[in-house]
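Shown next, in structure tokens, is the structure this report addresses.
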Amino acid sequence: MKVENALKELSLINLDDLRCFINGEWKKAEDCSTIEIINPSNEELLAKVPNASRSDANEAIEAAANAFPKWSGLTANERGSFLLKLRDLLLKYEQELASIISLEMGKVKGQALGEVQQASSFLTWYAEEGRRIYGETIPASSSNKRLFVIKQPIGVVAAITPWNFPLSMLTRKLAPALAAGCATILKPAEQGSLTALAFAKLVELAKFPQGVINIVTGMPESISDEIFENPIVKKVSFTGSTRVGRILVKKSAQQLKKLSLELGGHAPFIVFEDADIQKAVEGAIESKYRNVGQTCICANRIYVHEKVKQEFTELFVSRIKQLSIGSGLDEGIEIGPLVNESALNKVSSHVKDSVEKGATIIQGGERCFKKKGYYFEPTVLTGVTNDMLIMSEETFGPVAPIIHFNNIEDVIAEANNTDYGLAAYVYTSNMEKAVRTAEALQFGIIGLNDSSPAVAQAPFGGIKQSGFGREGGHQGIANFLEEKFISLKV
Ligand code: ADP
């Protein structure tokens with residue numbers, strides 16, 4: 001599908017008049033300033049979105065504060081009904097949402113449709129999970145006392161989300177917050193603003209009470225200053241880089257604001273000699289090239305046992321040679337553009353640094369100069385060593401370093417040799433090796449013969465410098481609840 005056709009089909013947003021969603025109303029930025037969204041598939045201006053000011057953010061927070069008493073006073077069933085209505089609308093508009101995702105940040109349409117499904121699954125799961133916010137009764141130390149613990153919504157919460165999953169990151173944060181009874185303000189990533197505003201339109205169509213969900217687009221600094229300095233906001237849920245995560249930890253100190261952080265990763269992908277090589281190759285390709293390598297859980301370092309290195313590498317390279325590169329909206333495309341010029345520069349610099357330090361490019365290695373847009377070839381490197389940037393920093397692009405190993409102890413030590421601790425993958429047909437390796441790996445998420453472990457009903461999050469707190473599962477809703485102990489003398 002051509003970009004012009006996709007633009008004509010949009011009905012959820014008007015690209016010529018984009019506004020923030022505050023207190024159920026559509027508003028320009030206070031000073032009418034905007035930021036430009038560039039289409040990564042052709043480098044042309046796609047739209048201008050409001051650049052909300054600190055006072056716009058303040059208005060959104062006030063609206064959430066006003067909405068909170070009534071929203072938290074609804075029953076879990078009533079709140080769940082709103083979430084399910086929103087879920088139904090997401091699915092009704094899945095084609096349109098997927099096109100907006102694809103236009104805005106380049107994801108290929110098939111994967112964007114998958115993202116809409118995943119986004120809807122958080123709404124379904126938390127509509128139900130809200131009904132299971134159970135308290136506790138505790139045996140007392142004297143016969144005239146009764147002890148209870150109740151759980152209550154934390155209050156107004158803010159979500160700051162990234163561009164790489166511009167829809168599913170919204171529902172992964174908002175669905176549990178709303179189910180718990182919290183009122184919300186969302187600041188999407190700049191390059192996720194159109195998707196967030198389309199989502200806001202669905203919030204309006206679902207007839208959420210005004211102020212329960214507020215969406216402000218714009219540059220992050222002043223919005224986040226207001227979020228962190230306004231005492232009404234009781235909790236911030238953030239997904240993004242470790243660099244920004246550190247800034248937010250500092251900002252949260254003044255008011256001891258509760259924070260959950262889902263940050264970067266540097267996932268090892270281990271293929272043992274007894275693995276099903278065909279499946280390991282498919283898994284590594286899915287993990288590495290999904291969203292062109294722009295996921296925090298993508299395989300960053302592929303460790304392959306010496307005995308199967310040749311078989312694995314040949315199959316891997318022959319498969320990635322077949323991947324078709326182009327605009328995410330075009331039929332049959334598997335590799336879309338990277339999100340922007342600086343992403344492209346980072347990927348190029350990692351490849352250059354590796355080659356300068358002795359690595360060999362056995363496939364790809366270049367920007368696709370023939371096309372306008374931020375395209376980079378699927379790339380494979382061998383001869384990679386630990387002093388190369390690619391082995392310690394997130395590349396966030398389609399570059400796969402393949403490293404060889406000889407024994408299980410060495411590969412576990414190498415895999416754990418990172419400041420990050422988000423996801424790791426292990427391919428083997430030996431059950432004992434699978435379990436022992438999973439236990440020894442210092443990561444929050446382990447895929448055993450599984451390259452797509454993230455689902456709504458399971459906890460997602462990292463250890464070490466990949467952050468703290470979990471999203472998804474019953475753990476995800478706990479983030480938005482306070483426990484209150486009540487001692488009753490009878
Ligand atoms: P990436 O490098 O993948 O773009 P970032 O961590 O920069 O990841 O961005 C993730 C989210 O954090 C985005 O919504 C972005 O606007 C926001 N962000 C970036 N810088 C700051 C900051 N200083 N304070 C608060 N939020 C920020």
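Remember, it's 1-based here, ligands and their atoms both numbered in the order they're listed. For the numbers below, each heavy atom of this structure counts, side chains included, while hydrogens, waters and symmetry mates do not.
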Where is the nearest protein heavy atom to [atom]: which residue, which atom, and how far?
atom	value
atom 7 (O) of ligand 1	Val244 CG2, 3.8 Å
atom 12 (O) of ligand 1	Phe238 CE1, 3.1 Å
atom 9 (O) of ligand 1	Gly240 CA, 4.6 Å
atom 27 (C) of ligand 1	Pro220 CB, 3.3 Å
atom 13 (C) of ligand 1	Thr161 O, 3.4 Å

Run the salt-bridge test on [X] and [Y] with the 4.0 Å N-O cut-off and return the result as yes or no.
X	Y	answer
Lys251	Glu221	no
Lys258	Glu482	yes
Glu282	Arg319	yes

Would you please determine whether [X] falls within less than 4.0 Å of ligand 1 on a heavy-atom basis?
X	value
Pro188	yes
Leu248	yes
Phe396	no
Thr239	yes

- Return a yes/no value: protein heavy atom under 4.0 Å from atom 18 (N) of ligand 1? yes
- Item | The one among Ala189, Ser193, Ser241 that brings a heavy atom closest to atom 5 (P) of ligand 1 | Ser241
Which pair of non-hydrogen atoms, one from [X] and one from [Y], has the smallest distance, and what is that distance?
X	Y	result
Ser354	Met388	O-CE, 3.6 Å
Lys464	Asn416	NZ-O, 3.2 Å
Met219	Asn51	N-OD1, 2.9 Å

- Message: Taking the side chain as everything from C-beta on, heavy atoms only, tell me whether Thr418 gets closer than 4.5 Å to Arg301.
- Response: yes
- Where on Ser224 is there a heavy atom closer than 4.0 Å to ligand 1, on the side chain, on the backbone, on both, or on neither? side chain
Can you sort out which atoms of ligand 1 are near [X], meaning under 4.0 Å from one of its heavy atoms?
X	result
Ile160	11 (C), 12 (O), 14 (O), 17 (C)
Trp163	1 (P), 3 (O), 4 (O)
Lys187	14 (O), 16 (O)
Glu190	15 (C), 16 (O)

- Measure the spacing between NZ of Lys48 and CG of Asp16 and express it to the nearest 0.5 Å. 10.5 Å
- Do the numbers put Lys234 on top of the ring of Phe480, so that NZ or CZ is under 6.0 Å from the six-membered ring centre and no more than 45° off the axis? no
- Message: Pair Phe316, Ile302 - check side-chain contact (heavy atoms from CB on, under 4.5 Å), show working.
- Response: CA-CA 11 Å; Phe316 190 86; Ile302 303 177; 4.1 Å; yes
